[in-house]
Amino acid sequence: MIAGNWKMNKSPAETVKLIAELKKIQTKTNAEVVVCPMTVSLFAASAQLKDSEIKLGAQNVHFEDKGAFTGEVNCASLKELGVEYVILGHSERRQYFGETDETVNKKTLKVLEQGLKPIVCVGESLEQKQIGITNEVVCLQTKAALCGVTSAQIRDVVIAYEPVWAIGTGMTATASDANQTIAAIRKAIREVFGYAADDVRILYGGSMNDKNAGELMSQPEIDGGLIGGASLIAEKFEKVINYNR
Ligand code: 13P
């Protein structure tokens, strides 16, 4: 899977323009391509993606079905717009908007119950990396997010390993470090769900771009990428999608 997280970029009109450019890409891999625009741009994106293989994702959702939650968005409305994936627990949401392992778990369960697919983000801070607890942090985040997920649902879950220090900084984990951390995440999933863990797609995210995508994605444990900045420019996103190993 190659997913673009457009964060708080691209108005509805700009979204239509970028998707029009992305639709011209001849995909040379069998990767599933997903774009995740701002909530306010999802309606325009959905219409523009009607005759396309590109899938639509949202960047967040609320864990309740409906009600007095001013400013929030529910799963049913996302589904109505043709959204298939929802990014959950992105480090920016954990850092700036009070997202916790508990809310990520509630959202994961709701998203799966409603027939959407979560892209659950996990990742260690620079300090956690420096004191050598990366695997503990990401495995705990993963297991906490998946608490209560059934064995029938686990294959619909996507995990994105995004080291916090690598997001938007131009610094990436080395391909082998990313591979090892993702292997640890998969092992943690296997402890709970057995060999279904092998079917869970685990992506790398954090300054992935047209230059480093090939090396990262040729690692055996890395099943794709969650791309921020480089997914906002069609030529760069195209090179990530059609990466050369
Ligand atoms: P960048 O690719 O801009 O570092 O962002 C990564 C990310 O946060 C994707 O969710």
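Counting starts at 1 for both ligands and their atoms, following the listed order.
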Peer 1: N/O of Gly205 under 3.5 Å from N/O of ligand 1, yes or no?
Peer 2: no
Peer 1: With a 4.0 Å cut-off, would you call Glu14 and Lys17 a salt bridge?
Peer 2: no
Peer 1: Check Ile167 against ligand 1 and report side chain, backbone, both or neither, counting heavy atoms closer than 4.0 Å.
Peer 2: both
Peer 1: Considering non-hydrogen atoms of the protein only, which is the closest contact for atom 5 (O) of ligand 1, and what is the distance?
Peer 2: Lys7 NZ, 3.2 Å
Peer 1: Checking Asn74 side chain against Asp65 main chain: does a donor-acceptor pair fall under 3.5 Å?
Peer 2: yes
Peer 1: Does Asn5 reach ligand 1 with a nitrogen or oxygen that is under 3.5 Å from one of the ligand's nitrogen or oxygen atoms?
Peer 2: yes
Peer 1: Do any N or O atoms from the side chain of Arg186 and from the backbone of Val200 form a donor-acceptor pair under 3.5 angstrom?
Peer 2: yes
Peer 1: Evaluate the criterion side chain to side chain contact (heavy atoms under 4.5 Å, CB included) for residue pair Glu64 and Glu72; output intermediate values, then yes/no.
Peer 2: CA-CA 10 Å; Glu64 294 290 350; Glu72 291 293 325; over 6 Å; no
Peer 1: Does an N or O from Gly228, backbone or side chain, lie closer than 3.5 Å to an N or O of ligand 1?
Peer 2: yes
Peer 1: Is it the case that the side chain of Asn212 and the backbone of Ser207 share a donor-acceptor pair, with hydrogens and angles ignored and the cut-off at 3.5 Å?
Peer 2: yes
Peer 1: Nearest protein heavy-atom contact for atom 9 (C) of ligand 1: which residue, which atom, what distance?
Peer 2: Glu162 OE2, 2.9 Å
Peer 1: Quick one: do the Glu99 and Thr103 side chains pair a donor with an acceptor below 3.5 Å?
Peer 2: yes
Peer 1: Can you report which non-hydrogen protein atom sits closest to atom 3 (O) of ligand 1, along with the distance?
Peer 2: Gly229 N, 2.8 Å
Peer 1: For Gly206, is at least one N or O under 3.5 Å away from an N or O on ligand 1?
Peer 2: no
Peer 1: Could you check whether atom NZ of Lys66 has more than 12 heavy atoms from other residues, nucleotides or ligands sitting under 6.0 Å from it?
Peer 2: no
Peer 1: Which atoms of ligand 1 have any heavy atom of Leu226 under 4.0 Å away?
Peer 2: 9 (C), 10 (O)
Peer 1: Backbone or side chain, does any N or O of His90 fall under 3.5 Å from an N or O of ligand 1?
Peer 2: yes
Peer 1: List every atom of ligand 1 that sits less than 4.0 Å from any heavy atom of Ser207, numbering the atoms from 1 in the order shown and giving each element.
Peer 2: 1 (P), 2 (O), 4 (O)
Peer 1: Are the side chain of Ser46 and the backbone N or O of Leu81 linked by a donor-acceptor pair below 3.5 Å?
Peer 2: yes
